[in-house]
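In the text below, chain A, chain B and the rest are named by the order of the sequence lines, each starting its count at 1.
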Amino acid sequence: MLDARFVRENPEKVKAALQKRNMEMDLAPFMAVEEGRLSNIRQLDELREQRNKVSEEISRLKKQRQDAAGLIEEMKGVSARIKELEEEQREAERKAREFLLAVPNVPHASVPVGKDETENVEIRRWGEPRQFDFAPLNHWDLGEMHGIMDFERASKIAGARFSLMKGAGAGLERALMNFMLDLNTSKGYTEVFPPILVNRDSMTGTGQIPKFEGEYFRIADPELYLIPTAEVPVTNIHRQEILEEERLPIRYTAYTPCFRREAGSYGKDTRGLIRQHQFNKVELVKFVRPEDSYDELEKLTGDAEDILRRLGLPYRVIVLCTGDLGFSSAKTYDLEVWLPGQGRYREISSCSNFEDFQARRADIRIRRTGKKGTELAHTLNGSALAIGRTVVAILENYQQKDGGIVIPDALRPYMGIEKIG
RNA sequence: GGAGAGGUGGCCGAGUCGGUCGAAGGCAGCCGCCUGCUAAGCGGUUGUGGGGGUAACACCCCACCCAGGGUUCGAAUCCCUGCCUCUCCGCCA
């Protein structure tokens, strides 16, 4: 969420930011609401001041057993007026917030301007895509060949876009989860294991709601959402809190399952593990001082990259252009891993700096050492990594001519085997 | 699922029959003073948000005692609803 005052005082900046995102919003209704809201505040404050003073006077008169009937009568009118204004005020505040909740973040100056994902910019590559002397298979063929994935039964149990991992496949998921968590905690991230059902306030706090309501699974009674990413529960750990500056940066890593409706992606990645309603992911989340957040974004991205390197998986880093940037994000790097089965790079991690956008929604503030008052924290997060897609990458990159899958060195202590098949 | 208790400032904790309660007192913290050091002691100080105001401070006003409504001239104090916590019984991974 953007600051109401910022929008009020910089409508042209907001418009420019929206334009970069290929969006247009009419700010006029918001401006009108704000104008009314502000003048209302002044009137209300004045009337309440009057009421406070006269009430005190009434109290004094009564103690002296003098007549206060006239003042009381007079205050009835004032109180009625206050009540009216308070109602208007509630409505104005609701409208202003409703509007602001639908406005996306302002992209950082370093983010390339572009209309859609075709204009994202590659920053760097690591590793050489392997040359195969045979036709590499897709991971779903490999998975079925080894009996470690069973999509047919998964669909019987739950439906399309669910997977059933078996044997070494299930073991690989578990090994990756542990490998990633161990590596992340060794770098100082604190491991947490949060609720995977969250309330509406949490979803709103990180920006999933109200704009993208339809993209998430929700249970009706009680009203709770299945998290689409650990970002939601973990960032909300500090919702409505004031963090002491000395505690920063606060860094968490969490494994959770993630759930997404994938509405609107009919026909995309219908086979295999790439796009599932349920998948495993290890996430990194940071709470930092505003002046540190862009350094921290680089570090966080580096921490995610480290996992791919240790697994020996070729990847590239791209910066999302303004047209492809997520709603809450000011800047995002995507990590894309090389998939021989598809002959292209596919997203396996997304690392974002939200600046104070989530912090304002979720009311996460910091208190500077020795200073009065508070200011908003900056929040960041990134996948490190999406586990399902890492499984895909390992199967496809480490497959052998005979169909066997060599387990990457880094994973062997966690798998207890060197090869599948 | 059944029965009860409660939600006050960083923490503990007081708030009488509604009337200077943003809220006593204690602890912690900060700034001084004092004392060879330490400990103790003395004085002062310490919330958040908003609207004004200032070059910036200062300063002024409003709101906030779980949340949202209501009663009243006036509510932390009364009423309603919701949320949460705790205790006991039952059930259960």
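- In this structure, the ring of A:Phe99 has its center less than 6.0 angstrom from the ring center of A:Phe30.
- For the OP1/OP2 pair of B:U71 and a distance below 4.0 Å, the side-chain nitrogens and oxygens of A:Lys83 include at least one atom meeting the criterion.
- Taking the P atoms as reference points, B:G9 lies 15 Å from B:G68, given to the whole Å.
- Figure legend. B:C34 is base-paired to no nucleotide; pairs are counted as Watson-Crick or G-U wobble with both atom distances under 3.5 Å.
- Across B:U8 and B:A76, the matching P atoms stand 16 Å from one another, rounded to whole Å.
- Between A:Phe179 and A:Tyr414, the two ring planes are perpendicular [angle over 60°; tilted spans 30° to 60°].
- One C1' atom belongs to B:U77, the other to B:C65, and the distance between them is 10 Å to the nearest Å.
- For A:Arg367 and B:U48, the shortest distance from a side-chain N or O to OP1 or OP2 is below 4.0 Å.
- Rounded to whole Å, atom P of B:G70 lies 5 Å from atom CZ of A:Arg90.
- With both pairing distances under 3.5 Å, B:C21 is matched to nothing as a Watson-Crick or G-U wobble pair.
- The P atoms of B:U81 and B:C91 are separated by 31 Å, rounded to the nearest whole Å.
- Straight-line distance between the P atoms of B:C66 and B:C12: roughly 14 Å, to the nearest whole Å.
- Rounded to a whole Å, the CD atom of A:Gln89 is 16 Å from the P atom of B:C62.
- In this structure, the CD atom of A:Glu87 is 7 Å from the P atom of B:G70, given to the nearest Å.
- Under the Watson-Crick and G-U wobble criteria, each requiring two contacts below 3.5 Å, nucleotide B:U16 is left unpaired.
- Residue A:Lys76 places its side chain closer to B:C73 than to any other of B:C73, B:G51, B:C61.
- One can place CG of A:Asp45 at 13 Å from P of B:G50, the figure rounded to the nearest angstrom.
- The side chain of A:Ile72 lies closest to B:C73, out of B:U20, B:C73, B:G19.
- Across all strands shown, A:Arg51 has heavy atoms under 4.0 Å from sugar-phosphate atoms exclusively, and none from any base.
- Atom-to-atom, CZ of A:Arg365 to C1' of B:G10 comes out at 14 Å; the value is rounded to the nearest Å.
- The backbone N or O of A:Gly272 sits less than 3.5 Å from a side-chain atom of A:Gln276, completing a donor-acceptor pair.
- Between A:His378 and A:Phe287, the ring center distance fails the sub-6.0 Å criterion.
- B:C88 sits 35 Å from B:G29 when the P atoms are compared, rounded to a whole Å.
- The side chain of A:Arg42 places no N or O atom within less than 4.0 Å of a non-bridging phosphate oxygen (OP1 or OP2) of B:C61.
- Nucleotide B:C86 forms a pair with B:G4, judged by Watson-Crick or G-U wobble geometry with both contacts under 3.5 Å.
- Between A:Ser79 and B:G74 there is a side-chain N or O to OP1 or OP2 distance below 4.0 Å.
- Atoms CD (A:Glu86) and C1' (B:A63) sit 10 Å apart, rounded to a whole Å.
- Side-chain atoms of A:Ser328 and A:Asn105 include no donor-acceptor pair closer than 3.5 Å.
- At a cut-off of 3.5 angstrom, counting only N and O atoms as typed in the model, there is no donor on one side facing an acceptor on the other between the side-chain of A:Asn52 and the base of B:G74.
- Considering CD of A:Gln208 and CE of A:Met203, their distance stands at 5.0 Å, rounded to 0.5 Å.
- Rounded to the nearest Å, the gap between the P atom of B:G7 and that of B:G15 is 11 Å.
- One atom, CD1 of A:Ile366, and another, P of B:G49, lie 12 Å apart when rounded to the nearest Å.
- Using modelled atom types, one finds no donor on one side chain facing an acceptor on the other under 3.5 Å when comparing A:Thr379 with A:Lys286.
- At whole-Å resolution of the value, CZ in A:Arg368 and P in B:U48 are 15 Å apart.
- Nucleotides B:G74 and B:A63, compared at atom C1', are 16 Å apart to the nearest Å.
- Among the protein residues, A:Lys53 comes within range of no part of the nucleic acid, since none of its heavy atoms lies under 4.0 Å from any strand.
- In this pair, A:Tyr252 and A:His238 present their aromatic rings parallel. The plane angle is below 30°, not in the 30 to 60° band.
- Across all strands shown, B:G49 forms a Watson-Crick or G-U wobble pair, both distances under 3.5 Å, with B:C62.
- Pair check for B:C27 finds B:G10; Watson-Crick or G-U wobble, both atom distances under 3.5 Å.
- Within the 4.0 Å cut-off from OP1 or OP2 of B:G49, at least one side-chain nitrogen or oxygen of A:Thr374 is found.
- Using a 4.0 Å heavy-atom cutoff across all strands shown, A:Ile58 reaches at least one base atom of the nucleic acid.
- In the model, A:Tyr333 has a side-chain atom that pairs as donor or acceptor with a side-chain atom of A:Glu298 under 3.5 Å.
- Between A:Arg60 and A:Arg48, it is A:Arg60 whose nearest contact on RNA chain B lies nearer the 5' terminus.
- Look at B:U77: it lacks any Watson-Crick or wobble partner with both distances under 3.5 angstrom.
- With respect to A:Ile387, the side-chain contact (heavy atoms from CB on, under 4.5 Å) criterion is satisfied by exactly one of A:Val392, A:Leu273, A:Val282: A:Val282.
- A 3.5 Å limit on both hydrogen-bonding distances identifies no Watson-Crick or G-U partner for B:C92.
- Within residues 234-248 of chain A, no residue has any heavy atom under 4.0 Å from RNA chain B.
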